[in-house]
There are 2 protein chains.
Amino acid sequence: MPGSSRKDTETRITLIGTGIIGLSFAAFHLTHLDSPSQLTIYDTRTDVAEYVQESLPTFFSDEDKASLPSFSEIKIAKSLEEAVANASIVQESGPEKAPFKLNLWAEVEKHAPKDALLWSSTSGIPASQQNCKMQDTSRVLVVHPYNPPHIMPLLELVPSPETATEVIERTQEFWRARGRVPIHIKKETTGFVANRLAFALLREAVHLVDQGVVSVEELDQIVQTSMGPRWAVAGPFKSYHAGGGPAGLEGFFKNIGGTVQDCWADSGTPNVGDGWEEKLFKEAKEAYGTVDVGERDRITRRMLQVMVEERSKSGDT
Amino acid sequence: MPGSSRKDTETRITLIGTGIIGLSFAAFHLTHLDSPSQLTIYDTRTDVAEYVQESLPTFFSDEDKASLPSFSEIKIAKSLEEAVANASIVQESGPEKAPFKLNLWAEVEKHAPKDALLWSSTSGIPASQQNCKMQDTSRVLVVHPYNPPHIMPLLELVPSPETATEVIERTQEFWRARGRVPIHIKKETTGFVANRLAFALLREAVHLVDQGVVSVEELDQIVQTSMGPRWAVAGPFKSYHAGGGPAGLEGFFKNIGGTVQDCWADSGTPNVGDGWEEKLFKEAKEAYGTVDVGERDRITRRMLQVMVEERSKSGDT
């Protein structure tokens, strides 16, 4: 795993919640901490210790499995107070319900060290709706991963207007030092940025399949053999800036801005519940059955490793 | 180059137009034909022979350059009649103007063999607007590449309602036999499919940068570290189908359809010419200057090679 050679002997991380995201973060942290004893896990489920022991190995690659961390050294806390009392980072991946997070942070604040970083993995509840019961509203920061975070490099850091700059900066340093890409989102936008972008493409995809232009599987093949690999190497602006030649993005829009606008003007705007669902759900099921996520993750790891190698060759970041 | 071990001794390809797309197709074909003499190039520029000799090597990777085809064996035709008289495939990558293509195909039809495939690389002029002056309107097929076609696997096959099924099928066979991914687009949709999808995401990207949520460079980093690599491995439907667990795409929408709809309802709809251009063009220029396309292409080749290797391991396609 990129960055795993750099081991951290100081940080004490407390994870709250052991869903897929919580466990994926656990796997990531374990490969970057010096000792599993620096990790504390808290969950209200009664079998949390056994559950973590059983589930965590599935988050490691076949190569990693040769030298797994000693999961039994992970601290399993019996109360929230115990969980956060000694933490330098508290990262919650609990239920996506605002009241849960509101109450959680108010409790955490009472028991955690004053300088502990407080991160939420939420994909939709802004920090400004999580910090309302706190004395110090400047502490909570959304650190939204792209699933699964033990593999994907992106973290969206989404502060509330009250979040302290120092909190954002320390969080950026933490992730950068571990080879990850933390991006500071400047405004609390619905869905943040990555999902908004992906869902914008998804909407047009739904429209085109619903209209019978291509099938679900054909649409996926199109993306996999064109913009997927392209955007893995260079994002959309960089790609179109390159496509415009020496005149850059301006040249691109000068050359084919008319076609872009024609597509925008003609784009579909289906909504959830509009009736396209039955056909598309059926097609997806017939095409894919149950997806082998292990295979996807294995290929993704290799691809991201290629990117790291190539970017270090060229000195790019 | 994937598939280059399978050499084709029968096909005689005529390329019309020597812009970037035409030359990129030339490079692709040269690595799959048995002899460069099976390739004929026609362009109205007077220095076409010298120009092709000089420009073509830049379309080959460093590894390929060790054993370049003998470019001097490529046939340079002096007239359209001569160019197509003996062709099994005529592929035009000429100016994006309907009158040019209309007249071209009417002329080609007079001189080319009756069973020659007639392909247009157009990104926007449908086959039904290209075939109007032909005796046999069933022959023209749009074969739209994702730039650059000597690297990217996708070909969008966009027939007119009159295009013969046999033409589509023979074209699919040609590209599949060469390791490419030809997708039959069922309706002549503005911008076809790949560009519509990419431009839908671009539109939201323009909106978010224009609103100051992230910068041009940050937006690209987000895509490069999340949906780019994800969609290179599994397209959006397959990804979300996997994300829904055993319940598939239906489960995904059941779980987070609300968030998807919130993002759709909140999405921006900037248009070309709305005034966002100055800020974005400036940011792109400052962030990227002139993009090193050679590096992008080198990394993309490696990534696509990884995909080919991994998919052949798993028996997937």
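All chains are named by letter (A, B, ...) in the order of the sequence lines, taking the proteins before the strands, and each is independently numbered beginning at 1.
- When all heavy atoms of B:Lys187 and A:Gln211 are compared, the pair lying nearest together is NZ-O, 2.6 Å.
- Between A:Glu204 and B:Ala200, the shortest heavy-atom contact is CB-CB, 3.8 Å.
- A perpendicular orientation is assigned to the rings of A:Phe252 and B:Phe199, their planes being inclined by more than 60° (bins at 30° and 60°).
- In the displayed structure, B:Ile20 atom CD1 is contacted under 6.0 Å by at most 12 heavy atoms of other residues, nucleotides or ligands.
- Remark: the backbone N or O of B:Val214 is not paired with any side-chain donor or acceptor of A:His184 at under 3.5 angstrom.
- Put simply, of B:Phe237, B:Trp264, B:Tyr240, the one with the most heavy-atom pairs under 4.5 Å next to chain A is B:Trp264.
- Of all heavy-atom pairs between A:Arg203 and B:Ser267, the closest is NH1-OG, 3.8 Å.
- Put simply, of B:Gly244, B:Pro270, B:Gly251, the one with the most heavy-atom pairs under 4.5 Å next to chain A is B:Pro270.
- When each of B:Asn147, B:Asp262, B:Asn271 is checked for heavy-atom pairs under 4.5 Å with chain A, B:Asn271 comes out on top.
- When heavy atoms are compared at a cutoff of 4.5 Å, A:Pro148 approaches chain B by way of both its backbone and its side chain.
- Considering every non-hydrogen atom in both B:Ala242 and A:Arg296, the closest pair reads CB-NH1, 4.2 Å.
- When heavy atoms are compared at a cutoff of 4.5 Å, B:Ile183 approaches chain A solely by way of its side chain, counted from C-beta outward.
- Both the backbone and the side chain of B:Val213 come within contact range of chain A, each with at least one heavy atom under 4.5 Å from a heavy atom of that chain.
- Counting only heavy atoms from C-beta outward, the side chains of A:Leu201 and B:Trp231 approach each other to under 4.5 Å.
- For the options A:Thr259, A:Ile299, A:Val206, heavy-atom pairs under 4.5 Å to chain B are most numerous at A:Ile299.
- Among A:Leu197, A:Val291, A:Val306, the residue making the largest number of heavy-atom pairs under 4.5 Å with chain B is A:Leu197.
- Between chain B and the residues A:Glu156, A:Glu188, A:Arg230, the most heavy-atom pairs under 4.5 angstrom are made by A:Arg230.
- When each of B:Val209, B:Val181, B:Asp292, B:Val260 is scored by its heavy-atom pairs under 4.5 Å with chain A, the top score falls to B:Val260.
- Taking 4.5 Å as the limit, every side-chain heavy atom of B:Pro246 sits out of range of all side-chain heavy atoms of A:Thr290.
- Taking a cutoff of 4.0 Å between a charged side-chain nitrogen and a carboxylate oxygen, A:Arg302 and B:Glu309 qualify as a salt bridge.
- Counting heavy-atom pairs closer than 4.5 Å to chain A, the top-ranked of the candidates B:Val293, B:Val223, B:Val233 is B:Val233.
- B:Thr189 touches chain A through its side chain: at least one heavy atom from C-beta onward sits under 4.5 Å away, while N, CA, C and O do not.
- Between chain B and the residues A:Lys282, A:Lys285, A:His241, the most heavy-atom pairs under 4.5 angstrom are made by A:His241.
- Closest approach of A:Asp220 and B:Lys238 over heavy atoms only: OD2-N, 2.8 Å.
- Both the backbone and the side chain of A:Thr300 come within contact range of chain B, with heavy atoms under 4.5 Å apart.
- For A:Ile185, the parts lying near chain B are the backbone and the side chain together; criterion is any non-hydrogen pair under 4.5 Å.
- For A:Gln261, the CD atom counts as densely surrounded, since its 6.0 Å shell holds more than 12 non-hydrogen atoms of other residues, nucleotides or ligands.
- For A:Arg298, the part lying near chain B is the side chain, with the backbone staying farther off; criterion is any non-hydrogen pair under 4.5 Å.
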Working for side chain to side chain contact (heavy atoms under 4.5 Å, CB included), residues B:Glu295 and A:Lys313: CA-CA 10 Å; B:Glu295 182 187 302; A:Lys313 256 189 226 173; over 6 Å; no

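- Counting heavy-atom pairs under 4.5 Å between each of A:Ala287, A:Gly228, A:Gly245 and chain B puts A:Gly228 at the top.
- Counting heavy atoms from C-beta on, the side chains of B:Met307 and A:Pro229 never come closer than 4.5 Å.
- Interface residues of residues 274-281 of chain B toward chain A, defined by a heavy-atom distance below 4.5 Å and sorted by number: B:Trp276, B:Leu280, B:Phe281.
- B:Gly257 and A:Val272 get closest at one heavy-atom pair: O-CG2, 3.7 Å.
- Here B:Ser226 is the residue among B:Cys263, B:Ser226, B:Ala205 with the most heavy-atom pairs under 4.5 Å with chain A.
- A donor-acceptor contact shorter than 3.5 Å links the side chain of A:Gln224 to the backbone of B:Gly235.
- Ion pair B:Lys186/A:Glu218 flagged as a salt bridge, since at least one NZ, NE, NH1 or NH2 atom sits closer than 4.0 Å to an Asp/Glu carboxylate oxygen.
- With respect to chain B, the highest number of heavy-atom pairs below 4.5 Å among A:Ala194, A:Pro145, A:Ser239 belongs to A:Ala194.
- Remark: A:Ile168 CD1 is packed, more than 12 non-hydrogen atoms of other residues, nucleotides or ligands lying under 6.0 Å away.
- With sequence neighbours excluded, the residues forming a salt bridge (Lys or Arg N to Asp or Glu O under 4.0 Å) with A:Asp266 are B:Arg196, listed by chain and number.
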